[in-house]
Number of protein chains: 2
Amino acid sequence: MTTMKDVASAAGVSTATVSRVLAGHAAVKPETARRVHDAASSLGYVLNPLARSLRQQRSPVWALVIADIGNPFLTQVARGVEDVARTAGYSVLLCNTDEDPEKEDGYIAIADQYRVAGLLITPTSTRAAVDGLLARGVPVVAMDRPLGSSASDTVLIDSRRAAREAVTGLVDAGRRRVACITGPRRVFTAEERVLGYREALQDSGVEVDEDLVHYAGFNEAGGRAAAQALLDAGPVDGVLVANSLMAVGVLGVVRERGLRAPEDVEIVAFDDAPWTSLLAPSVRVIHQPAYALGRSAAELLLDRLEQPGREARTVMLTATLDPTPTPASTPASSKDPTTT
Amino acid sequence: MTTMKDVASAAGVSTATVSRVLAGHAAVKPETARRVHDAASSLGYVLNPLARSLRQQRSPVWALVIADIGNPFLTQVARGVEDVARTAGYSVLLCNTDEDPEKEDGYIAIADQYRVAGLLITPTSTRAAVDGLLARGVPVVAMDRPLGSSASDTVLIDSRRAAREAVTGLVDAGRRRVACITGPRRVFTAEERVLGYREALQDSGVEVDEDLVHYAGFNEAGGRAAAQALLDAGPVDGVLVANSLMAVGVLGVVRERGLRAPEDVEIVAFDDAPWTSLLAPSVRVIHQPAYALGRSAAELLLDRLEQPGREARTVMLTATLDPTPTPASTPASSKDPTTT
DNA sequence: CTGAAAGCGCTAACAA
DNA sequence: TTGTTAGCGCTTTCAG
């Protein structure tokens, strides 16, 4: 393993000079710089970032702790974060918690140990253990869900409003038994969506039937289980589903039971994955600006890195109810950039 | 920032002893160990892994370089890798190349610089620049696609055979104009699937019409573009699609053109995401053992870490053509574990 | 413009 | 069983 010392002796200078040349700043005679570069490349020298970070007391890495790598919404968020991070020269260490508070705390601890320059998280627990980071002055940005300790920057999406709007639409369209299938109780967005649902019903003077509200895992299995329980209990003509993965589970059940959507039951779900418009029992979707969320969060982090002192900021983005899908034409609308 | 030295003086011992206590190995008097632990926890000490890695010349991190974080097949692979890594005490640095050879080489260089303990990759280029790692004795495992330099362990899925089987099925069912929509030319699996397609046609004595073979991006946009071009050129009654994301694009076009599937055109696609069985124009899927692929790859890496000398090994897994979907019942078959 | 030297926080011989 | 010591590879004063 060739080190800076090797390069230094090959170029006939000190390691200090090599360091200066490689870093770019600090004035070095061009002639010397050239010799160093030549030596470095001919030796195939590659800088050891561990040593550099040890010395500098910071590493150019961000930890991105997300709740579910299988959730298209969150992978879009990750893309947004990564794109900004990369252009700013940071690498992103992606960690997957599977909505498990213990795994979450474990990853935060690892990030802590690694002295990451910043942490972005979609907290699964409101009390995610980020105090250590914060105390040490490491910026933490909460994405999609707030953290208990509000000393950190936060980017949210107003999903409560969107939920309310969607449910109001269902009721206005004449749906009488509208249910709500949402994520785990502990999770902020899961609760927000239920709140929006309740508000809409109250606005419309419809009494909330608690049997129509189901909490479950934020994934296909959760959606499936909730739908089974819901439909076993009685008929329903509208459902608000908290994310696209759950929607898949719900639709599976709907299909198996021979129900038609939207005729028998109209389903509105959060998140527009590319495939949502092609689902068999059809779903109306609520678009969430996932990519933009990731970008904003990363920008807040960058900003905070420059002004460590500034007060915490909260950015609120808006979710929009897509127009009812017209089965005949299905434009591949991409409000978020996609890979090409 | 409290260091080991602080803990040492607080506990009235040397840093060497603190290190020994924290590492666990090496015998330390229980009494001393307790004092050290007390000191450490009361000071809120957290070990600096940078320093440790610098000293040990290895870091407990694997780089997982995948081609597309948005591809459900690959996220399942990532889960497999991560589960094995975690139980073995490694963290996984996930990198997303977007099928871009330059980004790929960039990430490999970063992994190289970070002195990762191992690298797992779904190479987008056969000549991914892993020689540096290999030369330094860092294990590299190729997943789903082989690397040019075959000095590395490899886990593949026999998708050529699966493609052949699927296309043979289409022809046997009376389909006469069967097309193939696959990924970028450079990508191994993209080519393999075309090879299987060609073999099937040759077996059946059907001449291969080159206009029916389309290469495109391994994502929704790619599938969409290929399908447009294909259908503009003439009618088709069967299509083999190389992955689920492309299938979404293809189905969108099929639907927009008012074609029915499988009546007018039967579509068989690789990868069974949870939502594939719910797609409107229906698709028959080829199941690939993604999670198992990830696990095998991780196990090969672990194994190689223990026996640096052993010769490279290649594991071949099998893809299976799922039975024709019966629209009425859609069992949520999970051959791969899912989050609950 | 360049070099010497100190030291980031930790681990691993080697002594004691 | 514990301490001393010598670095891992790099950056950064401080001199020159």
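Because the structure is predicted, anything quoted here is derived from the model rather than measured. The sequence lines fix the lettering, A, B, ..., with proteins before strands; numbering per chain opens at 1.
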Identify the pairs formed between an N or O of the protein and an N or O of nucleotides 4-8 of chain D at a distance under 3.5 Å, and give each distance.
| unit_1 | atom_1 | unit_2 | atom_2 | d |
| --- | --- | --- | --- | --- |
| D/dG7 | N2 | B/Arg55 | NH1 | 3.1 |
| D/dC8 | O3' | B/Gln57 | NE2 | 2.9 |

Has B/Thr32 got a side-chain N or O lying under 4.0 Å from the OP1 or OP2 atom of D/dT2?
-> yes
Evaluate the criterion side-chain hydrogen bond (donor to acceptor under 3.5 Å, both in side chains) for residue pair A/Asp83 and A/Tyr291; output intermediate values, then yes/no.
-> CA-CA 10 Å; A/Asp83 287 351; A/Tyr291 182 81; 2.6 Å; yes
Please work out if [X] contacts a base, only the sugar-phosphate, or nothing of the nucleic acid, heavy-atom cut-off 4.0 Å.
X	result
B/Val18	nothing
B/Leu47	sugar-phosphate
A/Ser53	nothing

Assert: residue with more 5' nearest nucleotide on DNA chain D, out of B/Val28 and A/Ala23, is B/Val28
Whole-Å distance between [N] [atom2] and [X] [atom1]?
X	N	atom1	atom2	result
A/Arg58	C/dG9	CZ	P	14 Å
B/Leu50	D/dC10	CG	P	13 Å
A/Leu22	D/dG9	CG	C1'	13 Å
A/Asp112	C/dG9	CG	C1'	16 Å
B/Tyr45	C/dG9	OH	C1'	7 Å
A/Arg35	C/dC1	CZ	C1'	12 Å
B/Lys29	D/dG3	NZ	C1'	14 Å

Under the 3.5 angstrom rule, does the side chain of [X] hit a backbone N or O of [Y] as a donor-acceptor pair?
X	Y	value
B/Ser19	B/Thr15	no
B/Asp100	B/Thr97	no
B/Arg186	B/Thr124	yes
B/Thr122	B/Asp144	no
B/Glu104	B/Ser125	yes
B/Arg145	B/Pro123	yes

Going by an N to O cut-off under 4.0 Å, is there a salt bridge joining B/Lys103 and B/Asp98?
-> yes
Ion pair A/Arg34/A/Glu31, N-O distance below 4.0 Å | yes
At how many degrees, to 10°, do the end axes of the helix from C/dC1-D/dG16 to C/dA16-D/dT1 meet when each uses five pairs?
-> 40°
Of D/dC10, C/dT11, D/dT2, the nucleotide closest to the side chain of A/Met4 is D/dC10
